[in-house]
Student: 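A single structure is presented below for examination.
The structure presented is a predicted model; accordingly, all values stated were derived computationally and were not measured.
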Amino acid sequence: AQRVTQPEKLLSVFKGAPVELKCNYSYSGSPELFWYVQYSRQRLQLLLRHISRESIKGFTADLNKGETSFHLKKPFAQEEDSAMYYCALNEGYNTDKLIFGTGTRLQVFP
Amino acid sequence: DTAVSQTPKYLVTQMGNDKSIKCEQNLGHDTMYWYKQDSKKFLKIMFSYNNKELIINETVPNRFSPKSPDKAHLNLHINSLELGDSAVYFCASRLGGPLLNTEAFFGQGTRLTVV
């Protein structure tokens, strides 16, 4: 069973439009959730983690335990945001198993 | 001073061959992973090691054998390569442990093409 679901494979928006990349998870314990990003020809890197409750490059993500979601949002997309975005869940306790969703490609057009 | 380095970056080989991909991290992390990224960019965990011990084996064919000679290295050996093994393989490391919310650092990937 897929533990991390990203329903959209591709999301295309114009510059300045709001962006929401969806992520739902399935985990009975206390989840550790992350968003990773892979820009073209670069290695996968951490964008943000839920525990930090931070805004990175204008992106935020709120953990909603009721809806088991961790959607990534940005109010005004920029062309340089075009990349592959992965939601990740660490099943954590005593296993340290970092599971990724299938990824969403964000394309921001000028 | 790359944190996680993989070699080679590209690997083209024939079906049936045996090949290895090396991974080294200089971050002092306890946990290392191998992931496979298919043509659709799906990133799937294969193995996880913690302090040289195998923690996770995600039903990977036994043609794939990870080896961790020490905490800083996790190599991936693949026997009898098949066409379906063609993918990008990523190594990653992380300061492991429960509920640490720590960042995973990835290598640049090894693009394996089996012909």
Student: Heavy-atom distances under 4.5 Å only: say whether B/Phe105 touches chain A with side chain, backbone, both or neither.
Tutor: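 B/Phe105 has no heavy atom closer than 4.5 Å to chain A.
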
Student: Between A/Phe59 and A/Tyr85, how do the two ring planes meet: parallel, tilted or perpendicular, split at 30° and 60°?
Tutor: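 Because their plane-to-plane angle lies in the 30° to 60° range, the rings of A/Phe59 and A/Tyr85 count as tilted.
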
Student: Take B/Tyr89 and B/Tyr35 through the test ring pair (Phe, Tyr, Trp, His ring centres under 6.0 Å) and record every step on the way to the result.
Tutor: CA-CA 6 Å; B/Tyr89 292 84; B/Tyr35 288 87; over 10 Å; no

Student: Where does A/Arg105 contact chain B at under 4.5 Å (heavy atoms): side chain, backbone, both or neither?
Tutor: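 Side chain of A/Arg105 only, per the 4.5 Å heavy-atom cut-off to chain B.
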
Student: Under 4.5 Å side-chain heavy-atom separation, chaining through any Ile, Leu, Val, Met, Phe, Trp or Tyr, what else clusters with A/Phe14? Say none if it is isolated.
Tutor: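 Under the 4.5 Å side-chain rule, A/Phe14 groups with A/Phe109.
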
Student: What residue pairs, at least two apart or across chains, pass side chain to side chain donor-acceptor pair (under 3.5 Å) with a residue in residues 38-47 of chain B?
Tutor: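 Matches after skipping sequence neighbours: none remain.
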
Student: So for A/Gln38, is it side chain, backbone, both, or neither that comes closer than 4.5 Å to the heavy atoms of chain B?
Tutor: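 Only the side chain of A/Gln38 comes within 4.5 Å of chain B.
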
